[in-house]
Amino acid sequence: MSILGSTVSSAPSVATLEQLRVIKALRERRMFKLICGATYSDFNAVARYSEIFAKVGAHLIDICAHPTVVSAAREGILRSGVSTEKFPAIMVSLSLDHQQDPHFRRVVLNENSCDACGVCIPVCPTNAFSIKDAKLSYQKELCYGCGSCVSLCHVDALTPTPIQAFQPAILPELWSLGARALEIHVGPNFYWLEPYLSKIREISPEPWLISVCLGSGFSSYTELIEQAQEIHNILGDWALVQVDGKPMSGFARQDALMLQALSAAQAILTTNLPLFVQVSGGINDKIRPLLDQFELKVHGAGMGSFAKKLIEPYLNNLETATQIAQNLVMSIRPS
Ligand code: SF4
Ligand code: SF4
């Protein structure tokens, strides 16, 4: 069961119920992952998203590798009332190099430059901005670095800034709190992956379900395919690869952005390597017609910005939020 990383070391390959459910959905090409964001640490919202998406059958909830965030997700899943065999697996993200990784950024506000024009307020998918007492109020824990506010600011008061990613030493604690899946974001330093995985196995020998996220920064499809082959060499058959089209861009609902992710997935799938391929980055609810049109047999999809933008206004209206979430989870299922 190499998706659990057992070829990296002598890690046990016993899967938990949540992991088996993910693997089954991947095999059936309908795995749905909700992406809250590697830096998103609004505990109440994470609990609510987890509750809503557990109710509608999501398979993975991808969150920040912070113990309190993991506890919040677990609480939300328990609150959903679904039976344990239907629990989504909680996934946490680490990065080989957070300095160069767009998933590990937050915007820093320069209050001296900001004139409270308010232009950034409506574009933020998580409502991180508001006006209070004629000044811009910014809740940085709501920022997951999508970057959509940055270029709109006419005085350059918003600067994307790398934040410290969590280190593998946190993993045993996260496992004990209920996290069962681990995503490793690689970037230009792809060759660090194998030693990094070995280090993780030493520190945290628990049978994590491992996904490797290939960023959008590859220089050619040849390079992307070489990376996929290397992942197969390291993790073995049916390792999980996430192909990230344009990270955190889905709120725009642009098919062109989705096609970027699908083209990269197609490059890997045409190699016939025995890998699970999941797309993310710009994915929206119109994915299925495109997959069918291009006869693209991806195994799953992750939605982040698009899902957040749709659901965030209804976080306190469980019925409506659940209905929207249900449609999103269904949108990846084969017809
Ligand atoms: S767009 Fe820039 S100047 Fe306007 S409120 Fe936002 S941060 Fe301030
Ligand atoms: S728009 Fe994106 S980058 Fe800007 S504050 Fe909101 S989440 Fe952060």
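Just the heavy atoms: all of them, side chains too, but no hydrogens, waters or symmetry mates, feed the values below. Start at 1 and go down the list; that is how both ligands and their atoms are numbered.
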Proximal atoms of ligand 1 relative to [X] (non-hydrogen, under 4.0 Å):
X	answer
V155	3 (S)
G118	4 (Fe), 5 (S)
C114	3 (S), 5 (S), 7 (S), 8 (Fe)

query: What protein N/O/S atoms lie closer than 2.8 Å to atom 2 (Fe) of ligand 2?
result: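 C146 SG, with waters left out.
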
Any idea which part of [X] is under 4.0 Å from ligand 1, heavy-atom wise: side chain, backbone, both or neither?
X	answer
L136	side chain
L152	neither
A116	backbone

message: Tell me whether E51 is salt-bridged to R48, with the criterion being a basic N under 4.0 Å from an acidic carboxylate O.
response: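 Yes, this pair counts.
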
field: Numbered atoms and elements of ligand 2 in range of F129, under 4.0 angstrom, heavy atoms
entry: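 So the atoms of ligand 2 that pass are 5 (S).
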
message: Students should be able to answer this: which protein heavy-atom is nearest to atom 2 (Fe) of ligand 1, and at what distance?
response: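 Among all protein heavy atoms, the one nearest atom 2 (Fe) of ligand 1 is C153 SG, 2.3 Å.
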
field: Side-chain donor-acceptor pair present, K55, Q326, cut-off under 3.5 Å
entry: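 No, no side-chain donor-acceptor pair sits under 3.5 Å.
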
message: Distance alone, cut at 3.5 Å: any donor-acceptor contact between the side chains of S41 and E141?
response: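 No pair is found: no donor N or O on one side chain lies under 3.5 Å from an acceptor on the other.
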
- request: Quick one: which residue pairs count as a side-chain hydrogen bond (donor to acceptor under 3.5 Å, both in side chains) with a foot in residues 116-130, not counting sequence neighbours?
  value: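 Non-adjacent pairs meeting side-chain hydrogen bond (donor to acceptor under 3.5 Å, both in side chains): N127-E312.
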
